[in-house]
Amino acid sequence: MYVRRKSNWYIYFIAFGVTLVFAFVAILAFSWYLFPSDTQDTGIDKTTGELADDFVPTAEHSFNLLGMISDGVNDNPEFFFMVEYNAPENRIVFVPLPEGISVGSEGRTLPNVYAAQGGAQVVKAVENEVGISCNAFVKMDKLSFEDLLTSFGNVEYSLSKTIMIDDKESGKIVTFNSGRQLLKSEDIYQLIIDADYEEGESYKFKLFGDIISELVNQNYRNVDGNLLDTYFSMIMKNSETNLTEDIYKQHKAALLNTVEYGVSPAEFYVPYGEFTDDGGFKIADNSVISIKQKAGLA
């Protein structure tokens with residue numbers, strides 16, 4: 001005799017429902033891990049800014065900084081340059097700046113702007129000319145500049161000609177012979193600050209850009225998180241700056257990413273243009289476009 005068995009479908013339905021509830025609760029509990037929010041930087045330890053395995057640099061990790069170099073602590077800057085860090089492309093571009101670029105808009109040269117209104121106003125003057133915002137400025141004197149370069153390392157560089165410089169401190173003539181040689185920090189300072197070149201400012205700019213780029217490219221593989229912290233501490237302690245620890249931590253992971261994955265990341269770009277009737281220097285529009293492109297902004 002055939003007996004029809006009762007269906008237990010409701011038992012399976014209840015079990016399936018309970019399973020769904022547990023799965024939903026588990027997803028909620030671990031959603032911070034499985035689906036990080038848009039405001040959380042993946043790949044970064046937000047406390048230290050250190051690099052993690054899943055870090056992917058974006059345009060938000062790029063920055064622009066204005067550098068100024070003077071002889072003494074209380075002296076006006078004699079040399080100005082931008083540092084453009086393009087994080088997605090692992091590229092650092094040094095852009096030396098003519099001191100007269102602000103004459104047209106500000107009525108004075110960059111050293112005069114600094115003397116009257118300080119470093120923040122120099123940043124605004126530069127921003128007006130190149131159309132790029134700077135995250136911070138750093139003004140170093142001779143000692144702080146040389147100390148920073150010394151901590152980074154020496155550079156092997158080939159000079160295209162023999163260069164003779166009147167040393168301000170010793171009153172003697174310092175000679176740098178043509179050819180490949182090892183340059184120390186004090187040598188670099190003399191070549192880009194103390195030397196006068198008959199070829200003009202553009203020659204000094206190219207020499208600065210080339211030497212500093214080679215310095216970075218020859219030594220950046222030795223940098224780690226601790227050494228990067230040391231550089232930051234040296235800048236904060238020995239320089240005039242509006243750089244902050246928060247700004248540093250926001251970009252630290254990207255810089256470490258460049259150390260690990262970048263290939264000769266440093267380069268330089270010398271702006272071109274023409275001198276104006278008021279004694280200033282107007283950067284050409286196409287040159288401004290090039291500066292923006294290298295920063296990843298055009």
Side-chain angles (χ1 to χ4, degrees), residues 41 56-69 77 79-106 108-111 113-114 119-139 192 201-217 220 241-244 247-248 250-255 257-258 261-276 278 280-298:
D41 289 326
V56 178
T58 67
E60 292 183 353
H61 299 106
S62 300
F63 68 83
N64 301 300
L65 182 146
L66 180 66
M68 298 177 274
I69 304 174
F79 197 89
F80 301 83
F81 61 96
M82 287 184 66
V83 181
E84 299 180 333
Y85 176 54
N86 188 328
E89 297 184 13
N90 284 326
R91 182 169 63 190
I92 303 169
V93 184
F94 295 96
V95 185
L97 298 169
E99 66 177 39
I101 65 169
S102 72
V103 169
S105 60
E106 298 289 337
R108 357 170 163 57
T109 63
L110 292 180
V113 172
Y114 177 86
Q121 193 62 33
V122 175
V123 170
K124 290 183 179 180
V126 171
E127 290 177 339
N128 288 339
E129 292 301 316
V130 300
I132 295 178
S133 297
C134 291
N135 299 74
F137 73 85
V138 175
K139 175 186 174 285
I192 65 177
E201 193 174 51
S202 62
Y203 184 89
K204 175 179 286 192
F205 284 173
K206 290 178 181 177
L207 190 64
F208 162 81
D210 205 14
I211 290 177
I212 297 299
S213 296
E214 281 298 309
L215 176 75
V216 173
N217 290 334
Y220 78 101
T241 182
N242 60 352
L243 187 64
T244 65
I247 294 175
Y248 168 63
Q250 289 168 12
H251 301 92
K252 180 180 177 180
L255 291 168
N257 185 77
T258 296
Y261 299 108
V263 179
S264 296
E267 61 183 67
F268 70 95
Y269 176 77
V270 177
Y272 61 88
E274 60 183 9
F275 289 95
T276 57
D278 57 8
F281 185 86
K282 176 65 176 176
I283 300 178
D285 291 340
N286 286 339
S287 187
V288 170
I289 292 174
S290 295
I291 294 173
K292 292 181 178 179
Q293 288 175 337
K294 290 182 178 297
L297 299 175

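These figures come from a predicted structure and were not determined experimentally.
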If I compare all heavy atoms of K294 with all of E267, which pair ends up nearest, and what's the gap? NZ-OE2, 3.1 Å
In this structure, CD1 of I132 is separated from CG of L66 (nearest 0.5 Å) by 11.5 Å
Chi angles and distances behind the side-chain contact (heavy atoms from CB on, under 4.5 Å) call for I291, Y269: CA-CA 8 Å; I291 294 173; Y269 176 77; 3.7 Å; yes
So, the side chain of N257 versus the backbone of A253: is there a donor-acceptor pair under 3.5 Å, distance only? no
What one should report as the nearest heavy-atom pair of S213 and A266 is O-CB, 3.7 Å
Is there a side-chain contact between L110 and P77 (heavy atoms, below 4.5 Å)? no
Scanning both residues in full, the closest heavy-atom pair of M82 with C134 reads CE-SG, 4.0 Å
Checking side-chain contact (heavy atoms from CB on, under 4.5 Å) against F94, which of I211, L215, V216 comes through? V216
Parallel, tilted or perpendicular: rings of H251 and F63 (30°, 60°): perpendicular
Side-chain contact test, heavy atoms from C-beta onward, threshold under 4.5 Å: evaluate it for S133 versus N64 and give yes or no. no
Gap separating the CG atom of L297 from the CD1 atom of I289, nearest 0.5 angstrom: 13.0 Å
Return the orientation label for the F205 and F79 ring planes: parallel under 30°, perpendicular over 60°, tilted otherwise. perpendicular
Just verifying a value: how many Å separate I69 CD1 and I192 CD1, rounded to the nearest 0.5 Å? 4.5 Å
Tell me whether the rings of F208 and F81 are parallel (<30°), tilted (30 to 60°) or perpendicular (>60°). tilted
Side chain T276, main chain G280, donor-acceptor under 3.5 Å: yes
Out of V130, V123, N128, which one pairs with V126 under the side-chain contact (heavy atoms from CB on, under 4.5 Å) rule? V130
Kindly compute the distance separating CD (E214) from CZ (F268), expressed to the nearest 0.5 Å. 9.5 Å
Between CG of L255 and OH of Y220, what distance do you get to the nearest 0.5 Å? 13.0 Å
When rounded to the nearest 0.5 angstrom, what is the spacing between CZ in R91 and OG1 in T258? 11.5 Å
Between the side chain of N90 and the main-chain N/O of P265, is any donor-acceptor distance below 3.5 Å? no
Using only atom types and a distance under 3.5 Å, with no angle test, would you say the side chain of S62 pairs donor to acceptor with the backbone of N86? no
Of all heavy-atom pairs linking G100 and T109, the shortest is CA-CG2, 4.4 Å
Output, in order, the C-alpha distance, side-chain angles, deciding distance and verdict of side-chain contact (heavy atoms from CB on, under 4.5 Å) for Y272 and I283. CA-CA 6 Å; Y272 61 88; I283 300 178; over 6 Å; no
Between L65 and Y85, is there a side-chain heavy-atom distance shorter than 4.5 Å? no
Minimal heavy-atom distance between E129 and K282, with the atoms involved, is OE1-NZ, 4.2 Å
Heavy-atom closest pair, residues M68 and Y114: SD-CD1, 4.2 Å
Quick one: does D210's side chain have a donor or acceptor within less than 3.5 Å of a partner on K206's backbone? no
